Amino acid sequence: MKLTADTNILIRLAIEDAPEQTRLAIEMIRIAEHIAIPLPVLCEFVWVTRRAYRRRSSAVAEAIRKLIANPAVHVDRPAVDAGLAMLDAGGDFADGAIAFTGRRLGGPVFASFDRKAVELVAAAGGETHLLGS
């Protein structure tokens, strides 16, 4: 089976708070030959696990790393790595992925009102512009 996993599948795998759904998610991961995980799914996953389930960034990053180590899982690896680097630095996964993807799409300067995001992107070597400063 080749499929695209929705965020709720990843949540069940990481949180295991719904036993039957967790079992089904594990089984799906076990039998699927190709699992596409779009970048927005990972952004939602990080947001939900951090905000709703109050998981530490390090635990969320570890869950993503474990997931993408599965050879059947396919992600935009460079964008995911940029998101993980931002998460590891104390920032938001989505900001790292956004800055990386934006550069790849021809927008080399990451612009935001979010001072922390701008500082972290700059610290990683990216060009930035903080609006309102």
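Below, all heavy atoms of this structure are taken into account, side chains as well, without hydrogens, waters or symmetry copies. Please read all numbers here as calculations on a predicted model, not as lab measurements.
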Criterion salt bridge (charged side-chain N to carboxylate O under 4.0 Å, His left out) on Arg30 and Glu27, from CA distance to verdict: CA-CA 5 Å; Arg30 190 182 67 71; Glu27 181 66 13; 2.7 Å; yes
Take Ile29 and Ile35, measure what side-chain contact (heavy atoms from CB on, under 4.5 Å) needs, and give me the verdict at the end. CA-CA 8 Å; Ile29 292 291; Ile35 305 161; 3.5 Å; yes
Evaluation steps, side-chain contact (heavy atoms from CB on, under 4.5 Å), between Leu13 and Thr22: CA-CA 6 Å; Leu13 291 169; Thr22 299; 5.7 Å; no
Quick one: do Val48 and Asn8 satisfy side-chain contact (heavy atoms from CB on, under 4.5 Å)? Show the steps, please. CA-CA 10 Å; Val48 169; Asn8 53 31; over 6 Å; no
Glu119 vs Lys116, salt bridge (charged side-chain N to carboxylate O under 4.0 Å, His left out): CA-CA, chis, key distance, verdict: CA-CA 5 Å; Glu119 289 172 354; Lys116 183 176 181 182; over 6 Å; no
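The shortest heavy-atom contact between Ala117 and Asp95 is CB-OD2, 3.3 Å. Closest approach of Ala32 to Ala72, counting heavy atoms only: O-CB, 3.8 Å. Here the closest heavy-atom approach between residue Arg12 and residue Ala25 is recorded as CB-CB, 4.2 Å. Scanning all heavy atoms of the two residues, the minimum distance from Ala89 to Leu120 falls at O-CD2, 3.7 Å. Considering every non-hydrogen atom in both Ala5 and Val41, the closest pair reads O-CG2, 3.5 Å. Annotation for Met1 and Ile31: closest pair CE-CD1, 3.8 Å, computed over non-hydrogen atoms.
In this structure, CD1 on Ile68 lies 10.5 Å from CG on Asp76, to the nearest 0.5 angstrom. The CD1 atom of Ile15 lies 13.0 Å from the CD atom of Gln21; values are rounded to the nearest 0.5 Å. In this structure, CG in Asp88 is found 8.5 Å from OG in Ser58, a value given to the nearest 0.5 Å. Distance OH/Tyr53 to CG/Asp17: 4.0 Å, rounded to 0.5 Å. To the nearest 0.5 Å, the span separating CE on Met86 from CG on Asp92 amounts to 8.0 Å. Within the model, atoms CZ of Arg55 and CZ of Arg50 stand 11.0 Å from one another, a figure rounded to the nearest 0.5 Å.
Contact check for Leu10 versus Leu67: side-chain heavy atoms found under the 4.5 Å cut-off. Within the 4.5 Å cutoff, the side chain of Leu130 has no heavy atoms near those of the Phe113 side chain. Looking at Val73 and Ile37, their side chains come closer than 4.5 Å, going by heavy atoms from C-beta outward. For the pair Ile9 and Met28, the minimum side-chain heavy-atom distance is below 4.5 Å. His34 places a side-chain heavy atom less than 4.5 Å from the side chain of His74. At a threshold of 4.5 Å between non-hydrogen side-chain atoms, the residues Leu39 and Phe93 count as touching. Taking the side chain as every heavy atom from C-beta outward, Phe45 and Val60 approach each other to under 4.5 Å.
Ile26 and Leu3 fall within the same hydrophobic cluster, defined by Ile, Leu, Val, Met, Phe, Trp and Tyr side-chain heavy atoms under 4.5 Å apart, directly or through other members. Follow the hydrophobic side-chain contacts under 4.5 Å out from Ile98 and you never reach Trp47; the two are in separate clusters. Taken together through direct or relayed side-chain contacts under 4.5 Å among Ile, Leu, Val, Met, Phe, Trp and Tyr, Phe100 and Phe110 form parts of separate hydrophobic clusters.
No more than 12 heavy atoms of other residues, nucleotides or ligands lie within 6.0 Å of CZ in Arg115, so this atom counts as exposed by the packing criterion.
A donor-acceptor contact shorter than 3.5 Å links the side chain of Thr49 to the backbone of Val46.
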